[in-house]
Protein chains: 2
Amino acid sequence: MPSACPNPAPSIDKVNTEYVESLVGYNARRAALVIIEQFLQRMAAYDLRPVEFSVLSLIGHNPGITSRQLCATLSILPPNLVGMINQFEKHGLVIKRPHPSDGRATGLHPTPACEALLREAEKTALELENEATARLSAAERKTLIRLLKKVYL
Amino acid sequence: MPSACPNPAPSIDKVNTEYVESLVGYNARRAALVIIEQFLQRMAAYDLRPVEFSVLSLIGHNPGITSRQLCATLSILPPNLVGMINQFEKHGLVIKRPHPSDGRATGLHPTPACEALLREAEKTALELENEATARLSAAERKTLIRLLKKVYL
DNA sequence: TATTGTTATACTCTATAACTATA
DNA sequence: TATAGTTATAGAGTATAACAATA
């Protein structure tokens with residue numbers, strides 16, 4: 001018998017969020033989701049979502065990086081990277097070249113088009129970052145990043 | 001002609017992550033994912049995932065809260081809450097009672113079993129929080145939460 | 001007309017198992 | 001035997017559209 005009660009009960013006017021807001025995990029997730037939401041809007045112009053942007057940026061700053069290295073760096077699973085890389089290659093943003101010493105691996109290299117796209121996209125990313133963290137001072141922003149790194153690195 | 005180059009190219013020994021790590025969004029997401037991973041492991045004993053835990057905790061601290069208020073507070077969509085609440089009701093954790101003044105709304109109330117579960121689950125959540133943020137001092141942890149709130153509130 | 005709660009459904013993201021080619 | 005990359009697929013999480021009941 002699923003418990004149901006027919007009698008009305010007092011309602012809540014202001015929600016008490018004290019407990020959940022005392023958790024780092026809760027706050028980090030909420031903050032990340034807010035920034036990601038703005039990211040999706042602003043970066044739609046480049047057809048780049050957060051993970052795709054991170055992958056392309058890492059390739060741009062690390063020509064010759066392998067899929068394995070990307071997966072390890074970003075904590076993504078290999079099967080979920082294959083299609084992304086193929087799309088980048090199809091759109092002329094990434095070129096695959098043989099790894100110099102490991103015949104199993106493939107080096108991923110940015111094309112000039114990739115580098116041009118990244119110049120714009122990374123500029124936009126910094127802009128939206130500054131907007132999303134507008135209520136933080138430069139020092140606070142630096143502190144926030146330092147403390148977040150101490151959690152996940 | 002999808003650009004492929006047959007000539008080997010130098011490989012990357014150490015990945016340069018400088019740019020992505022300069023973004024608050026990237027760091028917040030990575031930190032949140034690390035904590036959530038630990039959360040999933042530790043809270044599996046209670047069969048509670050992060051959102052379910054947040055919902056149940058808010059009901060426990062706000063007897064009579066409505067689905068609408070939960071959705072607004074946690075930024076989740078009403079259709080994705082229905083099944084969750086029904087499961088809680090089915091497991092004897094939540095009771096629905098009529099809203100005192102709004103015939104459309106339903107007040108959600110914790111059962112004694114819910115309160116007992118929350119005492120254990122919230123204790124476990126605090127433990128894993130302290131483990132996940134073990135590299136932070138108490139002051140740093142407080143600062144981190146304060147700065148994260150300034151981003152999303 | 002707007003809002004609460006609901007159903008059905010689609011889409012995205014992430015996870016697992018199994019395979020090949022090479023080390 | 002272990003690893004890099006791939007394929008196919010399953011699952012979880014999230015989003016949209018439309019509806020009934022009430023305000």
Side-chain angles (χ1 to χ4, degrees), chain A residues 2 4 8 11-12 15 29-30 32-34 36-37 39-41 43-44 47-55 59 64-90 94-108, chain B residues 2 4 8 11-12 15 29-30 32-34 36-37 39-41 43-44 47-55 59 64-90 94-108:
Chain A
S11 59
I12 297 291
V15 178
R29 185 169 187 268
R30 294 302 302 269
L33 288 176
V34 162
I36 287 173
E37 187 181 1
F39 189 100
L40 291 173
Q41 295 173 5
M43 306 297 274
D47 198 30
L48 291 175
R49 279 153 291 184
V51 178
E52 293 169 341
F53 172 78
S54 300
V55 168
I59 294 173
I65 192 173
T66 66
S67 293
R68 191 74 182 78
Q69 288 176 309
L70 283 171
C71 287
T73 303
L74 297 174
S75 293
I76 53 185
L77 295 170
N80 299 327
L81 188 63
V82 176
M84 202 185 302
I85 298 297
N86 287 341
Q87 282 300 107
F88 288 151
E89 191 182 20
K90 188 178 176 183
V94 168
I95 298 178
K96 294 178 179 175
R97 297 181 67 181
H99 190 280
S101 59
D102 191 334
R104 299 167 302 180
T106 303
L108 304 170
Chain B
S11 59
I12 298 290
V15 178
R29 184 170 186 270
R30 295 302 303 270
L33 289 177
V34 162
I36 287 173
E37 188 181 359
F39 189 98
L40 291 174
Q41 294 173 6
M43 305 297 274
D47 198 29
L48 291 176
R49 278 152 290 186
V51 179
E52 294 169 340
F53 172 77
S54 300
V55 168
I59 294 174
I65 193 174
T66 67
S67 293
R68 191 75 183 78
Q69 288 175 310
L70 282 171
C71 287
T73 303
L74 296 174
S75 293
I76 54 184
L77 296 169
N80 299 327
L81 188 62
V82 176
M84 204 185 301
I85 299 297
N86 287 342
Q87 283 300 107
F88 288 150
E89 192 183 19
K90 188 178 176 183
V94 168
I95 298 178
K96 294 179 179 176
R97 297 180 65 178
H99 191 279
S101 58
D102 190 335
R104 299 168 301 182
T106 303
L108 303 172

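Letters A, B, ... are given to chains in the order of the sequence lines, protein chains preceding strands, and every chain is numbered from 1. Keep in mind that this is a model prediction, so the values were computed, not measured.
The ring-ring contact (aromatic ring centres under 6.0 Å, His included) test applied to Phe88(A) returns no partner, not counting sequence neighbours. Partners of Arg68(A) according to the side chain to side chain contact (heavy atoms under 4.5 Å, CB included) rule, which considers only residues two or more places apart in sequence or in another chain, are Thr66(A), Ala72(A).
dA12(D) atom C1' lies 14 Å from atom CG of Leu77(A), rounded to whole Å. Separating the CG atom of Leu40(B) from the C1' atom of dA12(D) is a distance of 11 Å, rounded to the nearest angstrom. The distance between atom CD1 of Ile76(B) and atom P of dT16(D), rounded to the nearest whole Å, is 15 Å. Atom CZ of Arg68(A) is separated from atom P of dA2(D) by 14 Å (rounded to the nearest Å).
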Q: List the steps, then state whether side-chain contact (heavy atoms from CB on, under 4.5 Å) holds for Ile85(B) with Leu70(B).
A: CA-CA 11 Å; Ile85(B) 299 297; Leu70(B) 282 171; 4.3 Å; yes
Q: For side-chain contact (heavy atoms from CB on, under 4.5 Å), just list the numbers for Val94(B) and Met84(B), CA-CA rounded to whole Å, side-chain angles, deciding distance to a tenth of an Å, and then say yes or no.
A: CA-CA 11 Å; Val94(B) 168; Met84(B) 204 185 301; over 6 Å; no
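Looking only at side-chain heavy atoms (C-beta outward), Leu108(B) and Val55(B) stay at 4.5 Å or farther from each other.
When every heavy atom of Pro100(B) is checked against every heavy atom of Pro8(A), the shortest pair comes out as CA-CB, 4.0 Å.
When each of Leu81(A) and Arg29(A) is assigned the nucleotide of DNA chain D with its nearest heavy atom, Leu81(A) is the one assigned upstream, toward the 5' end.
A distance-only check finds no donor-acceptor pair linking the side chain of Gln69(B) to the backbone of Val15(A) [under 3.5 Å].
For the atom pair OG1 of Thr73(B) and CD1 of Ile65(B), the computed distance is 5.0 Å after rounding to the nearest 0.5 Å. To the nearest 0.5 Å, atom OG of residue Ser67(A) and atom CD1 of residue Ile59(A) are 7.5 Å apart. Annotation: the span from Ser54(B) atom OG to Arg29(A) atom CZ amounts to 7.0 Å, rounded to 0.5 Å.
Sorted by first and then second residue, the side chain to side chain donor-acceptor pair (under 3.5 Å) pairs with a member in residues 76-87 of chain B read Asn86(B)-Lys96(B); sequence neighbours excluded.
Distances from the side chain of Arg49(B) to the nucleotides dA12(D), dT7(D), dT16(D) place dA12(D) closest.
Applying the 4.0 Å criterion to OP1 and OP2 of dA4(D), one finds that Lys96(A) has every side-chain N and O outside that range.
Near DNA chain C, meaning a heavy atom under 4.0 Å away, the residues from residues 97-106 of chain A are Asp102(A), Gly103(A), Arg104(A).
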Distances under 3.5 Å between nitrogen or oxygen atoms of protein and nucleotides 8-11 of chain D:
none

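Of all nucleotides in DNA chain C having an atom under 4.0 Å from a heavy atom of chain A, the first and last in 5' to 3' order are dC13(C) to dA23(C).
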